[in-house]
Amino acid sequence: MKQCPQCGGGAMNDPEHAGVVRCLSCWHVWSLPRETSCPGRLPRLMPALRVLSEHRRLGR
């Protein structure tokens with residue numbers, strides 16, 4: 001069971017809405033932060049930018 005940030009009461013996941021939490025005492029509603037998934041492009045992007053930068057220096 002989660003705790004309400006507004007009143008400190010108990011809160012539960014809303015069964016009708018995914019990622020939403022509802023307080024059982026004051027009915028305050030808030031959404032949980034979404035999990036971000038990394039597509040795996042960042043490890044390949046940095047070396048590609050480095051190669052591009054070196055290529056531009058050689059062309060001058």
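Below, each value reflects all heavy atoms present in this structure, side chains not excepted, and no hydrogens, waters or symmetry copies.
By the 4.5 Å heavy-atom criterion applied to side chains, Val29 and Asp14 are not counted as neighbours. By the 4.5 Å heavy-atom criterion applied to side chains, Val21 and Met12 are not counted as neighbours.
We find the OG-CD distance between Ser25 and Gln6 to be 11.0 Å, quoted to the nearest 0.5 Å. Taken from CZ in Arg22 to NE2 in His28, the straight-line distance is 10.5 Å, to the nearest 0.5 Å.
The two residues Trp30 and Cys4 make their nearest non-hydrogen contact at CH2-CA, 3.6 Å. Looking at every heavy atom in both residues, Cys7 comes nearest to Cys26 through SG-SG, 3.7 Å.
Asn13 is linked by a side-chain hydrogen bond (donor to acceptor under 3.5 Å, both in side chains) to Lys2, counting only residues two or more places apart in sequence or in another chain.
Under a 4.5 Å side-chain heavy-atom cut-off, the cluster of Ile, Leu, Val, Met, Phe, Trp and Tyr residues that includes Trp27 has no other member.
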